[in-house]
Number of protein chains: 2
Amino acid sequence: MEEMMITYSIGEVAEKFNLSLPTIRYYDKEGLIPNLRKNDAGVRRFTQENLGSLQMIECLKNAGMPIRDIKQFMQWTLEGNASLEKRYKMFQELRVNVLKQMEAMQNTLNTIDFKCKYYGQATSDGTEKYVKEDMHLEIS
Amino acid sequence: MEEMMITYSIGEVAEKFNLSLPTIRYYDKEGLIPNLRKNDAGVRRFTQENLGSLQMIECLKNAGMPIRDIKQFMQWTLEGNASLEKRYKMFQELRVNVLKQMEAMQNTLNTIDFKCKYYGQATSDGTEKYVKEDMHLEIS
DNA sequence: TTATAACTTAAAGTTAACTTTATGTAGTAC
DNA sequence: GTACTACATAAAGTTAACTTTAAGTTATAA
């Protein structure tokens, strides 16, 4: 009795996720897509589970996690319930890390906002002279 | 008549900014620190202006700007008022870019928060079974 | 049956942003 | 004078995350 399920080709997946074919193959080679199977002709067929892995890869990449750590996480998922605590800990640490990044990003944005005002004024003045005098700052 | 001003050694600057000495030398070589001078012995002496450049480098790096674009900006500052509009435009575009990054980061955080709850429950259950059933999701 | 499109692999190449290595110099402490 | 520390340079090495290249296979359409 063969299980029938909807699957996708690497080309379809590349389009869906806006990734290049070599990138997806690279992720597969690196072990980032657990349980990804090939048909009798050796062609990859992506299940919903595999698409879920890719979604998670995108999330973890966005959080700044390196490929080898994403791989580690994916390997843990293959270990089942035995690795639940490791995965829980990973996400808790990642959360703290991402919060720090967002704080840094907010500071960066504040500086950029300041610079936008600074250069907005300087541009309409035609010179940095007055706006620079106004704030006694010389950060280029 | 020699101008007297407070300057810092590369070692002091490295400590202040928590950067390695080779990194600072690399930035200098790449033209990221305009007007950085050396004393008669060929040793770099950092002025307040140079520290300002380093501060800005940190900000722009944090915004995800590549070294070559930071260099471009620094070269523009050397052109004076003629480049004010270019610099203004740069910061306006950077602002939009950073806002996009923050939005992406917020989405990432939401996913991670969800995963924290998911694995928190799964860990106390000792299995993913129930929490997985509860949400009809199979994202690893 | 021949062309085309969509896939396959292994291996080499690319790029950014440093880091390391090797070698040398300048100034101070003893 | 000799050791030590802090600096200098040029050039080679490193790492991550892909990308490119070269060569081959499979399935469908004309």
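Nothing here was measured: the structure is a model prediction, and the numbers come from that model. Each chain gets a letter, A, B and so on, in the order its sequence line appears, and its residues count up from 1.
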B:Asn39, CG atom: more than 12 neighbouring heavy atoms under 6.0 Å: yes
Residues A:Lys89 and A:Glu93 bridged, charged N to O under 4.0 Å: yes
Residues B:Ile33, B:Phe46; criterion side-chain contact (heavy atoms from CB on, under 4.5 Å); working and verdict: CA-CA 9 Å; B:Ile33 316 174; B:Phe46 291 77; 4.2 Å; yes
DNA chain C contacts made by residues 59-70 of chain B, counting heavy atoms under 4.0 Å: B:Lys61, B:Pro66, B:Ile67, B:Arg68
Flag for B:Asn50-B:Thr47: side-chain donor and acceptor within less than 3.5 Å: yes
Mutual orientation of the aromatic rings belonging to B:Phe91 and A:Tyr119 [parallel < 30°, tilted 30-60°, perpendicular > 60°]: parallel
Any donor-acceptor N or O pair under 3.5 Å, side chains B:Tyr118, B:Glu128: yes
Those residues of residues 36-44 of chain B lying under 4.0 Å from DNA chain D by at least one heavy atom: B:Lys38, B:Gly42, B:Val43, B:Arg44
Distance in angstrom units between B:Asp28 CG and D:dA8 C1', rounded: 12 Å
A:Glu12 bridged to A:Lys16 by N-O distance under 4.0 Å: no
Between B:Asn107 and B:Glu103: side-chain donor-acceptor atoms closer than 3.5 Å: no
Span of DNA chain C in contact with chain B (heavy atoms, under 4.0 Å): C:dA16 to C:dA26
Euclidean distance, atom CG of residue A:Leu21 to atom C1' of D:dT20 [Å, nearest integer]: 13 Å
Residue B:Glu30 excluded, over 12 heavy atoms near CD under 6.0 Å: yes
Pair B:Gln121-B:Asp125, side-chain donor/acceptor within less than 3.5 Å: yes
